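Here's the structure we're looking at; comments come further down.
This one's a predicted model, so the numbers in the text were calculated from it and none came from an experiment.
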Amino acid sequence: NFLKENNVYNNTRFIIVSDHGRGGVMQDAPENIKISGDNTLEAYTALLMVKDFDQAGPFAVDNTFMTNADVPLLATDGVIDRPVNPATGKVLKSKKKDGVTITTSDLWQPINHGKFIFRIDENEWLNVHDDIYKVENWKKKK
């Protein structure tokens with residue numbers, strides 16, 4: 001309401017994103033898809049909410065295949081022509097044609113890894129594409 005009262009709500013893009021989902025929240029829910037081992041879909045379903053410029057109305061759910069890596073493109077869309085990664089100088093673009101690869105490793109602390117590389121076992125990778133709510137779209141990465 002404060003932003004609306006000060007006439008900045010409509011000319012602002014809001015992006016809210018979590019860094020990951022949370023396993024175990026709905027562990028026994030019948031609609032929760034088991035992905036691998038004890039991991040279920042909710043562990044890999046991050047929150048991503050976007051309110052675009054001049055967008056109004058109630059919240060709507062959009063299950064377009066997205067990842068946290070899409071946030072820079074969402075943030076710069078229509079604002080910066082050909083946005084680039086400031087660290088690499090490469091043009092930002094979505095590369096999800098063949099899905100995305102994610103890790104099932106829960107060793108996220110840097111102390112568990114090398115100075116410049118994460119040590120993740122070969123059996124701790126999954127590939128997912130298109131609709132994440134279809135178990136057949138989840139595969140062990142080979």
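Counting only distance, with no hydrogens or angles, the side chain of Asn137 and the backbone of Asp131 share a donor-acceptor pair below 3.5 Å. Looking at His113, its side chain does come within 3.5 Å of a backbone N or O of Arg119 through a donor-acceptor pair. Judged by distance alone, with hydrogens and angles left aside, the side-chain atoms of Ser18 form a donor-acceptor pair with the main-chain N or O of Leu47 at under 3.5 Å. With hydrogens and angles disregarded, a donor-acceptor distance shorter than 3.5 Å links the side chain of Arg13 to the backbone of Ala75.
Listed by chain and number, the hydrophobic cluster partners of Ile80 are Phe53, Val79, where partners are ILVMFWY side chains within reach of under 4.5 Å, directly or through others. Residue Leu3 shares its hydrophobic cluster (ILVMFWY side chains chained together at separations under 4.5 Å) with Phe2, Val8, Tyr9, Phe14.
Considering every non-hydrogen atom in both Asn68 and Ala46, the closest pair reads OD1-CB, 3.6 Å. The shortest heavy-atom contact between Lys140 and Leu126 is CA-CD2, 4.0 Å. Considering every non-hydrogen atom in both Ser105 and Ile120, the closest pair reads CB-CG2, 4.1 Å. Closest non-hydrogen pair, Thr104 versus Trp125, comes out as OG1-N, 4.4 Å. Taking each heavy atom of Val91 and Arg82 in turn, the nearest pair found is CG2-NH2, 3.2 Å. Minimum heavy-atom separation, Phe65 to Val128: CZ-O, 3.5 Å.
Atom NZ in Lys51 sits 6.0 Å away from atom OG1 in Thr12 (nearest 0.5 Å). Of the inter-residue distances, the one linking Thr45 atom OG1 with Asn63 atom CG reads 9.5 Å to the nearest 0.5 angstrom. Rounded to the nearest 0.5 Å, atoms CD (Glu136) and NE2 (His129) are 8.0 Å apart. Here the CG-CD1 distance, from Leu48 to Ile15, works out to 7.5 Å after rounding to the nearest 0.5 Å.
Within a 6.0 Å sphere centred on CD of Glu122, heavy atoms belonging to other residues, nucleotides or ligands number 12 at most.
Considering only residues two or more places apart in sequence or on other chains, Lys96 meets the salt bridge (Lys or Arg N to Asp or Glu O under 4.0 Å) condition with Asp70.
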